[in-house]
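First the proteins, then the strands, lettered A, B, ... as listed; each starts at 1.
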Amino acid sequence: MADNPSISIAPESISLEALKEQRGKRLTQFPWWFLTMILIAIWAAYSIYTRENYRAAFEFIKAGLGVTIITSLISYGIALLLGLLAGLGRISGNVLFNNLATLYIELVRGIPMLVLIFFIALVGVPIAVDGMNSLGAWLNTLGLTALGGILTSFTNQAVAMNVRAIIALAITYGAFLAEIFRAGIQSIGRGQMEAARSLGMSYGQAMRHIILPQAIRNVLPALGNDFVAMVKDSSLVSVLAVRDITQVARLYAGSTFRFREAYITLSVLYLTMTVALSLVVQFVERRLRRHE
Amino acid sequence: MSEMSENGDIIVIKNLHKHFGNVKALNGINLNVAQGKVVVVIGPSGSGKSTMLRCINFLETPTSGEIWVDGHLMTNHPKQLNAIRTEIGMVFQLFNLFPHLTALENVTLAQRVVRHRSIEEAKEIAMKQLRKVGIPEKADVYPMQLSGGQQQRVAIARALAMNPKIMLFDEPTSALDPEMIREVLDVMLDLAKEGMTMVVVSHEMGFARAAADRIILLDHGIIIEDTTPELLFTAPKHERTKLFLSQILHK
C-alpha cells in the first residue's frame with residue numbers, strides 16, 4: 001500500500017486537484033538521480049562506441065577489470081572469515097581471544113587504509129616471511145626438514161604484489177566486518193542462547209545452529225554494502241602497482257595524456273559495478289524483509 | 001555421591017546463595033525434590049523464584065551453595081554441564097523458540113546435535129511429542145505464524161523430545177493471552193500425571209491445586225513456606241503467606 005497510495009482513493013473522489021497533487025507527488029518522488037546516472041552510463045557507452053579516443057581508453061582500461069574483480073572477491077572472502085573470527089572474539093569470554101580480536105580491530109581502525117596497505121604489503125609481509133624462514137630454519141635444526149624446507153623456501157620476492165594487495169585488503173576489511181558480525185550476534189536476544197544451552201548444546205553448537213544463522217541474516221544488507229565499499233577501495237591497491245582498472249587508467253593517462261578519456265571511463269566503470277551491486281543488495285534486502 | 005542417590009531425591013539444593021552485584025536474590029535456599037514430584041513455586045515478584053529455577057540448570061551460576069541433580073553436583077565444567085542439562089528440560093516465559101526453524105526443526109535440532117539421533121528417529125520422536133502437545137498439524141510452520149499458546153506447546157515438545165528426567169517451567173503462562181493459558185496448563189497437567197518431576201514457577205493456583213505435590217513460597221530469597229496445596233490455603237504458617245495469597249487470589 002505504501003508503494004501505491006492512489007489505490008486507497010475511491011475512483012469517484014478523484015478531482016482535478018487531486019490528480020494534480022498526485023502528479024506533483026510523483027514528480028517530487030521520482031528517483032531523478034537514478035535517471036541521471038542511467039543517462040551518464042548511456043552517454044558513456046555511446047561515447048565508447050562512437051568516439052575513437054574513448055574506445056581506445058576503454059579497450060586499454062578494461063584489461064584491469066579481471067584484477068579488480070578477482071582482488072575484490074578473494075579479499076572479501078578472506079575478510080568474511082577474519083571478520084567472523086574477530087567478531088566472535090569480541091563477544092567471547094576468553095580473555096586472550098577477546099583481547100586479540102579487539103587489538104586487531106582497533107589497530108586497523110586507527111590507521112588510514114592507504115597507509116595500512118603500504119604497511120601490510122611492504123612491512124607486514126616481509127616480517128611474516130622472515131618469521132616463517134626462521135621457524136623453518138629452527139625446524140631444520142630439530143630434524144623436521146620436510147616442514148622446515150617448505151618454510152625456508154619462501155622468499156620475499158616470491159610474494160607477488162597482487163597477493164600482498166589481497167592480504168592487505170582482507171586484513172583491513174576483516175576488521176570492519178568483525179564489527180558487523182558482532183552487532184549481528186548481539187542483536188539476537190539472550191533467550192535464544194539460553195534455550196539452546198538448556199537443551200544441552202555447547203556454546204559452539206548454539207552459535208553455529210541458533211545464533212549465527214539468525215545474526216547473519218540480519219546483517220546481510222550491511223555485509224553487501226561493505227562489499228560494494230570494498231570494490232571501490234580496491235582502487236587503493238593501484239599504489240602497489242597492481243594492474244587493476246585504476247592502475248591501468250593511470251598508465252593510459254600517463255602515456256597518452258588523454259586524462260579526460262581515461263578518468264571518465266574509469267569512473268563510469270566503477271559506477272556501473274557499484275550501482276549494479278547495490279541493486280543486488282537492495283533486492284536481497286527486500287526479499288529477506290518479505291519473509292519476516 | 002552414593003548418599004545422594006540413596007535418599008531418592010532427584011534435585012537437592014543446599015544453602016544456595018545468588019547475588020547480582022549488591023542485590024541479594026537468593027539467601028540460603030535448601031530444597032529437596034523427590035523423583036516424580038511436582039513442586040510449584042510462588043512468591044512476590046523479585047522474591048527469587050526465577051533465579052532459583054535458573055540456578056538448577058546453571059543458567060545462573062550460584063554465588064555459593066551446592067546443587068545436585070540426579071546424583072551429579074552441578075559445576076561449570078562445560079562437558080559435564082552440557083551432559084546434565086540434557087536431562088533437565090526448561091520452558092521459558094517467552095517461549096524462546098528458534099524463529100529461523102520450523103516447529104518440527106525446533107524439536108529435532110537438539111536431538112540431532114546433542115543426542116546424535118538420526119534424522120528419521122529425531123523426526124519420529126518430534127512428531128510423537130507434537131501430537132502429545134496437540135499440534136502435529138503445525139509441524140512445518142514457523143514460530144512467527146503460531147499463537148502464543150501454540151508456541152509454548154512447541155517449546156514443551158522441544159524440551160520433552162530430549163527425554164529429560166526433570167522439567168523446569170519458568171512462568172510458562174504469564175506471557176499468554178487468557179484464552180491460551182488453558183491449553184498450556186492441560187499439557188502440563190498430563191505431564192504431571194505421567195510422573196514427570198516438575199518444578200513450576202507459576203501463580204496459576206488452579207494448576208497448583210490439581211497437580212502440585214508441594215507448594216513453596218519464596219520471599220526475599222528464602223523459602224518461607226513449604227507445604228501442600230490444601231494446607232497452604234487452610235493453614236498457612238506465616239502472616240506473609242496470607243497476605244500474598246489474598247493478593248494473588250483477588251487480583
Asks: What residue among B:Arg117, B:Glu121, B:His116, B:Lys123 forms side-chain hydrogen bond (donor to acceptor under 3.5 Å, both in side chains) with B:Gln111?
Replies: B:Arg117
Asks: Would you sort out whether A:Asp233 and A:Tyr173 count as a side chain to side chain donor-acceptor pair (under 3.5 Å), showing the intermediate values?
Replies: CA-CA 10 Å; A:Asp233 283 338; A:Tyr173 265 81; 2.5 Å; yes
Asks: Please indicate whether A:Glu106 has more than 12 foreign heavy atoms, meaning atoms of other residues, nucleotides or ligands, lying under 6.0 Å from its CD.
Replies: yes
Asks: Is there a donor-acceptor contact under 3.5 Å linking the side chains of A:Asn218 and A:Ser187?
Replies: yes
Asks: Side chain from CB out, backbone as N, CA, C, O: work out which of these in B:Leu97 comes under 4.5 Å of a heavy atom of chain A, or both, or neither.
Replies: backbone
Asks: Residues of residues 152-167 of chain B under 4.5 Å from chain A (heavy atom pairs)?
Replies: B:Arg158, B:Ala159, B:Met162
Asks: Return yes when atom NZ of B:Lys24 has more than 12 non-hydrogen atoms of other residues, nucleotides or ligands closer than 6.0 Å, and no otherwise.
Replies: no
Asks: Count the heavy atoms of every other residue, nucleotide or ligand shown that sit under 6.0 Å from CD of A:Glu21, and state whether that count exceeds 12.
Replies: no
Asks: Quick check against the 3.5 Å criterion: does A:Gln214 have a side-chain atom that pairs as donor or acceptor with the backbone of A:Ile210?
Replies: yes
Asks: Name the region of B:Phe98, side chain, backbone, both or neither, that has any atom closer than 4.5 Å to a heavy atom of chain A.
Replies: both
Asks: Salt bridge or not between B:Glu137 and B:Arg131? Use side-chain N to carboxylate O under 4.0 Å.
Replies: no
Asks: Given that the side chain runs from C-beta out, which part of A:Gln205 has a heavy atom under 4.5 Å from chain B: side chain, backbone, both or neither?
Replies: side chain
Asks: Taking only Lys NZ, Arg NE, NH1 and NH2, and the carboxylate oxygens of Asp or Glu, determine whether A:Arg197 and A:Glu194 approach each other closer than 4.0 Å.
Replies: no
Asks: Given 3.5 Å as the limit, does a donor-acceptor pair link the side chain of B:Thr173 with the main chain of B:Leu176, or not?
Replies: no
Asks: Less than 4.5 Å to any heavy atom of chain B: does that hold for the side chain of A:Ala196, its backbone, both, or neither?
Replies: both
Asks: Testing A:Leu82, A:Leu85, A:Asn99 one by one against A:Tyr104 for a side chain to side chain contact (heavy atoms under 4.5 Å, CB included), which residue passes?
Replies: A:Leu82
Asks: Below 4.5 Å from any heavy atom of chain B, which atoms of A:Arg190 appear? Answer side chain, backbone, both or neither.
Replies: side chain
Asks: Report, by ascending residue number, the residues of residues 56-64 of chain B in heavy-atom contact with chain A at a distance under 4.5 Å; give 'none' if the set is empty.
Replies: B:Asn57, B:Leu59
Asks: Checking the side chain of B:Thr102 only, and the main-chain atoms of B:Asp140 only, is there a donor and an acceptor separated by less than 3.5 Å?
Replies: no
